[in-house]
Amino acid sequence: MPFQLSPAEEMARKIAQEYTEREIIPRRKELMIDDRAMWKEEAVRQNKFGFHLHIVPRQEGGTGIGYVASIVSIEELCAGWPDLNFVTYGEMAYYFAKATGGEVEKKYMPGIIKGDVKATVATTEPSGGSDMLGLRSTARKVDGGWVINGRKCFISEADCTDFIMTLVKTGDPNDPATRGTRSLSAFIIDTGTPGYRIGRMETTMGRREDLAELIFDNVFVPDSHLVGQVGRGIPPVFAAVADTGRMTIFGMLNGITLGSYRCAVKYAKERKLYGRSISEHQAIQHRIADMAIDLEASRLLTYRAGWQRTKGMKVDGELAIAKYFATQAAIRSSLNAINIHGAYGVMEDYMPHHFYKHAPLRIGAGGTDELMKNMIAASALGDANPDLSNKPMEESYFGG
Amino acid sequence: MRPLNMIICVKPVPDSRYWDRLSLDPRTKTLRREGIPVIISPLDKNAIEEALRIKEARGGKVSVISMGPQNTTEVLAMAYALGVDEAVLLSDRAFAGADTLATAFALACGISKLGEFDLVLFGNESLDGSTGQVGPQVAEFLDMPSMTRVEKIDFADDDTVRVKSRMEGGYMVTEVKLPAALAVTKDINLPRLMPVFGALWATEKQTKVLSSVDCAVDKEKIGLAGSPTWVPDVANIEMKRKSEIIKGEPAQVARQLVEKLRVAGVLPEA
């Protein structure tokens, strides 16, 4: 069993590392003051650079190296700054355009390959993200298309993207054929469509104006913007969350763990106490050892999941184990970095402060810890890989 | 505008981020480099960037050449990732232990095996040795004009470059006939980042490895045998503060301290 990255994946890491050292680390001071304009500028720069092309096959204009190259690239970006990752939104744009096909693919694909187009997924509503049957936004069939009404919340980078994929109700609760999981359909909405607007921008513990509320007020989309079939909206959304969502979150989590580890090792060697480096104290050494274990274990789990996904394997259980462990490892490692830095660790001018603030943000993204455990248990108990399109909602699991 | 064939001499150097792990081997008088990642010497990246820009404007071919052990191919892979067309490595135990002259001789022999060329580019000096000697020496061996500290290259015509080079207190503009050797400074350009497709170029293009036999070199002129200079000794500079403890009553100690500082020239005479 090979326990090393391929030469192309290793080079993908070096490329992302060089990018981070030139474009992100020197701008940490700006990022610390939460400059939204700089954020948007970086979104354009990262997308233009083309990190998202690692998951795009070569015959379509990508590098085709695969999900592991994507994970290691995001890992380096986020070790530079814990959530400065826009690779997700280029990957989502590709993924959604392919899933929709037809006019949408034709319209957006050239821009996606050039790095001009980004997209995000909008499923969560105030009622929650995992309980998809509780969604209230609707699409009504009209001549030549659909009219969408409703509200979505906690949507990442919605103000930086060109289109979204959303999940809304199209079924009739009185019709047994369109109830339950068959009541939901996925649509593409161009962000410039009349009636589509951004509402409140939510500030999270990581960033000001981090997540957006989206308002759909009689938004008309043509039939070509329906993703797949009517009443079969869950599989493409679920696949998007699993394939592009969780895979890129792996990179973000590893980045927090790696960044925490790097700054803790550096500080432990430099900081003198009682006449010697604190790295010579066993208590500090044990914390460093814990961080090294968390980093390596997270990498092994997440890279394996990425490798399996690149091979086309359906690996819900492995993916959930990786997501759960990497989340906990990032939280533990960033806290260890704070402990090693002492009082400096909580200061805004020091990176542990930022790694620690961002780590919990990844709990909800791509599914909570509890949802991951449900998936792991389902996999362990023989309920792996259910056919989501035919399964009642109560018996399956979804990420939001 | 005619296309140009350009060759850049690239030196692998220890990554400066890991210099705290470097140490001197007191027996061999060389750096212990085990476990230290190796990178392209920074100014050599400026030279690669300039060649790529010239190629983008005029067409042609960009090759890099280096000398070192087999694992130097990892560094040359980074040159491929930047977009060069060809990488050549001179690798043979006979090349080992070379000073700048023997290095320049080997590089000149390697370059002459690559066919016709118009420009040979160098970083003005390497990150580790910093002698700045190899570029002009290669030019001598290849019998062509050379300029150092180059911070701008323009074309007067297809066969002449107009070179702006830094001098103490100013700069000099010189027209140089091709083929020529130019050693560039960091001010000439900002090297591009390796693009994402560099991950493919780096792994799919193969470095061509040449031995001393392939280069048909006189073995007395390469490696340790061909080196007129060698390092007889190295010493670690120990930084230590001179210390002296003055005892007595505070006022008396203060007077003595001021007097000692005056004697040492730290304070002006009263």
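In what follows, every chain begins at residue 1, and chains take the letters A, B, ... in the order their sequences are listed. The figures that follow rest on heavy atoms only: side chains count, while hydrogens, waters and symmetry mates do not.
Between chain B and the residues A:H54, A:E23, A:E21, the most heavy-atom pairs under 4.5 angstrom are made by A:E21.
Within the 4.5 angstrom heavy-atom criterion, only backbone atoms of B:R192 (N, CA, C, O) approach chain A. Residue contact with chain B, scored on non-hydrogen atoms closer than 4.5 Å, involves the side chain of A:R58 exclusively. Within the 4.5 angstrom heavy-atom criterion, atoms from both the backbone and the side chain of A:K14 approach chain B.
Across all non-hydrogen atoms, the minimal contact from A:E18 to B:M194 is OE1-N, 2.7 Å. In plain terms, the two heavy atoms of A:I15 and B:G198 that are nearest each other are CD1-C, 3.9 Å. Nearest approach of B:V196 to A:T63, heavy atoms of both residues: O-CG2, 3.9 Å. Across A:A12 and B:A199, no two heavy atoms sit closer than the pair N-CB, 3.9 Å.
Environment of NZ in B:K208: sparse, with no more than 12 heavy atoms of neighbouring residues, nucleotides or ligands closer than 6.0 Å. Counting non-hydrogen atoms of other residues, nucleotides and ligands closer than 6.0 Å to NZ of A:K48 gives a total above 12. The neighbour count for A:Q282 CD, taken as heavy atoms of other residues, nucleotides or ligands under 6.0 Å away, does not exceed 12. In A:Q59, the CD atom is crowded: over 12 heavy atoms of neighbouring residues, nucleotides or ligands sit closer than 6.0 Å.
Identified by a heavy-atom distance below 4.5 Å to chain A, the contributing residues of residues 60-96 of chain B are B:A77, B:M78, B:A81, in residue-number order. Of residues 85-95 of chain A, not one residue has a non-hydrogen atom less than 4.5 Å from any non-hydrogen atom of chain B.
Between atom CD1 of residue A:I65 and atom OG1 of residue B:T203 there is a gap of 6.5 Å, rounded to the nearest 0.5 Å.
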